[in-house]
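Below, chain A is the first sequence line, B the second, and so on; all start at residue 1. We use all heavy atoms of the structure for the numbers below, so side chains are in, but hydrogens, waters and symmetry mates are not.
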Amino acid sequence: MEVKGRPDPVCPAETDEQPAEQEINEQMRIRLTKLEGLVGQGEDPFEQVEFPVTCYSCDILNDFAALEGQPVAVAGRLMSKRGMGKVSFCDLQDQCGRIQLFTKIDALGADRYAEWQRLDIGDLVGIKGTVFRTQRGEISVKTSGYVLLAKALRPLPEKYHGLRDTETRYRQRYLDLIMNPDVKDTFEKRSLIIRTLRQELDASGFIEVETPILHQIPGGAAARPFVTHHNALDMDLFLRIAPELYLKQLIVGGFERVYEIGRQFRNEGLSIKHNPEFTLLELYQAYTDYKGMMILTEQLIARTALEVQGTTQIEYQGKEIDLTPPFRRLSMTEAILQYTGIDFDQVQTDEAAGELARARELEDYRPVMKRGDVMNLFFETYCEKNLLQPTFIHDYPIEVSPLTKKKPDRPDLTERFELFIDGREYANAYSELNDPLDQRERFAAQLEKRLAGDDEANLLDEDFCVALEYGMPPTGGMGMGIDRLVMLLTDSASIRDVLLFPTMKPLRPS
RNA sequence: GAUCCACUAGCUCAGUAGGUAGAGCACCUGACUUUUAAUCAGGGGGUCCGGAGUUCGAAUCUCCGGUGGAUCACCA
C-alpha cells in the first residue's frame, strides 16, 4: 500500500531466501527426542501454564529455622545434577539464588524417578518437597513431587568456568545472566540506582515527565542524530539527542520542577564508554541556578552511592574515589592555569588564543575557532584526564554553551559546570538561558559554526524560541549520564557491562 | 574510521617443525540410597570464523573478508 516515501525497512521486500535450516547438533537431537517421548506420554512440558511457588531459594536459606520440616513449592532452572543411583542431588536456580534438591527413588516411585533422572541441566522445573538439612549440612529441599515446566533444548555453558566469551555474553545476555551471578547483580544495582534517583527527585518535589523521542529538529546538544522517516507525513524525523528544549518548555508552562530519565540517541562510534543509545537524566528547577544544581548533583550521586555501596568512599577500577559532598569546585580558567600555566584571563583575542594552540601543536585546533573554543580545547587536552576526584568545572566559555546564561560580570563566560570523575564527564548543568533575544543570537552563532563545517553545532529551534518569548523563570538545569554512573558504582570497565543489550554489529553482513 | 590481539566440540581451553583433531565439563550406556566441580567404567560428538593462495600435504604459513576485544579519533 506504499504510495510514496521509502520502502518500510521493517518489512523488507520478499526475497528468495529460505529460512536458514536450523543446525541440530547431537545434544539438541537427544533433548528433542526426550521431548517427543514426553509429548507421546501426554506430558508435554510446554502445556504447563502455572506453578504456585511458595518461596524462593533465598527464603529457604534465610529462614531455615522457621521452614525446617515445612512443605514448600519452588521453581527454577536445574543447574547441576549429581546422581547417586537411587538418590540424587540437583541445584535449582531461581531469581534470587540456588537451593539444593535431594530426590530419593522412594519418594517418587521407580518410573517417575527414572524420568527425573532423564531431566537435563537447563530444564525448568517446579518442585514440591520439604525443607531439611543434609548430613553434610547443606540446606535442601527433599523432593516429593515435580513438574517439568519447560524443556531446555540447548545445553547450558559449562558449570565450572561458566560463560566467558564476551561476544556471546553480549549477544545472548540471557546466558550471561543464567551463568554469571555478578552480571545479574550489576543489573539489579542499575535498577536500584535509577529507583533511588527517582525517589530522591520525587521527594524533592520534582515530577517525572515524558517528552518526544521523535524530533523534527534535533536540539539541546551538539551531536549527530539518527534519521528516520514518517511515511504518512512523508517527512524525516530525528531520534532525540537530548530532551532539553522540551523540558524547558514545561518550565515555561508552569511545571517548576521536572525530570526525565530516558534514552537518547547519538550517531557516533562505539567505545568502552559510548553506546549509540544511552540513558540520560535531565532535570530542570525554576528559581535556582547552576550553584543550586551543584548541590543537587552532589546529593544525587552521594545518595545513590550510599544506596548501592553503603558508602561514599568507593573504588573504581583500582582507584579510590571519595564521593562525599561537597565536591571540589574549580573554574575552567583556574583548571587550565593549574595544569598548563596559561591564564586565559590574559588572552584577549581569538588570534592570541589561536597562537597558543599553534604553539602547543594541538591537533584538533581549527583556524575558525574562537577564543572560547580554544579555551575549551585546552581544558579537554590538558585538564580532564587529571580530574580523578569529583570536581565541578565551572564557568564555561560562551562559544561552547549556546543554551546557557552569561555570567553577569563576564559576558565571555557562562554559568555552567560539568562534573568530572576519573577524567570522565558525569554531569552537565547550567543556569538556563531565558533571554529570548540572547537565545536567538546564540543560535545565530551556532549557525555560523555549522556553516564553517561543524555539523554538530546546534540548530535554531523556532518553537523553543517562541516559548522563551512567553517568559521562562530563571531556571537551573542538569543532565547526568546514567550508564556512566552505573559503571562508576558497579566498578564496571565498559559501558557494555551496564547495558543489557549493547549495540552490536550483525553477525553476517546483510 | 585506524592499529594491535583473538576466533578449534554445546561451554572452558590445549594443539607438536606444516603430516588424518585433543582434554575437562556437558551428552549417551552401565554401576552407585546423603552428594556438592560427586565418583568409577565405556561411548558418541568438529565447516579448526569464511574465502583464496603456497605446498605432495594447512587449525598451523601468506593474502582478502567477517565478528569480538583493547587502544586512538568524535562524543556523554
[X]: what forms a side chain to side chain donor-acceptor pair (under 3.5 Å) with it, not counting sequence neighbours?
| X | result |
| --- | --- |
| A:Tyr146 | A:Arg112 |
| A:Arg171 | A:Glu167 |
| A:Asp91 | A:Ser80, A:Arg82 |
| A:Asp185 | A:Lys189 |

Does anything in residues 421-431 of chain A form a side-chain hydrogen bond (donor to acceptor under 3.5 Å, both in side chains)? List the pairs, not counting sequence neighbours.
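Counting only pairs at least two positions apart or across chains, the side-chain hydrogen bond (donor to acceptor under 3.5 Å, both in side chains) contacts touching residues 421-431 of chain A are A:Glu244-A:Tyr430, A:Tyr316-A:Arg424, A:Lys319-A:Asp422, A:Glu415-A:Ser431, A:Arg416-A:Asn428.
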
According to side-chain hydrogen bond (donor to acceptor under 3.5 Å, both in side chains), does anything in residues 129-140 of chain A pair up with another residue at least two apart or in another chain? List the pairs.
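Non-adjacent pairs meeting side-chain hydrogen bond (donor to acceptor under 3.5 Å, both in side chains): A:Gln100-A:Ser140.
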
Could you tell me whether the side chain of A:Glu138 has a donor or acceptor atom within less than 3.5 Å of a complementary atom in the base of B:U34?
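It does not, because no donor-acceptor pair links the side chain of A:Glu138 to the base of B:U34 below 3.5 Å.
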
Dump the pairs, protein N or O against N or O of nucleotides 21-27 of chain B, anything under 3.5 Å, distances to one decimal.
unit_1: B:C25; atom_1: O3'; unit_2: A:Lys159; atom_2: NZ; d: 3.4
unit_1: B:A26; atom_1: OP1; unit_2: A:Lys159; atom_2: NZ; d: 2.8
unit_1: B:A26; atom_1: N3; unit_2: A:Gln27; atom_2: NE2; d: 3.0
unit_1: B:C27; atom_1: O4'; unit_2: A:Gln27; atom_2: OE1; d: 3.4

Just grab all the salt bridge (charged side-chain N to carboxylate O under 4.0 Å, His left out) pairs involving residues 490-506 of chain A, residues at least two apart or on different chains.
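Listed once each, the pairs are A:Arg169-A:Asp497.
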
According to the Watson-Crick and G-U wobble definition with distances under 3.5 Å, which dot-bracket string, read 5' to 3', encodes RNA chain B, using [ ] for crossing pairs and | for pairs with another strand?
(((((((..((((.....[..)))).(((((.......))))).....(((((..]....))))))))))))....

Any chance the side chains of A:Ser191 and A:Arg195 put a donor and an acceptor closer than 3.5 Å?
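Judged by distance alone, the side chains do pair up.
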
Under a plain distance cut-off of 3.5 Å, with no hydrogens placed, do A:Arg77 and A:Gln93 share a side-chain donor-acceptor pair?
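Judged by distance alone, the side chains do not pair up.
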
Which protein N or O atoms sit under 3.5 Å from an N or O of nucleotides 70-73 of chain B?
unit_1: B:A70; atom_1: OP2; unit_2: A:Arg496; atom_2: NH1; d: 3.1

Identify, with sequence neighbours excluded, every residue that meets salt bridge (charged side-chain N to carboxylate O under 4.0 Å, His left out) alongside A:Lys405.
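Testing A:Lys405 for salt bridge (charged side-chain N to carboxylate O under 4.0 Å, His left out), a comparison that skips the adjacent residues, returns none.
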
For atom CZ of A:Arg169 and atom P of B:A6, their distance in whole Å
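Whole-Å distance recorded here is 21 Å.
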
Using nucleotides 13-15 of chain B, report all nitrogen or oxygen pairs with the protein that are shorter than 3.5 Å.
none

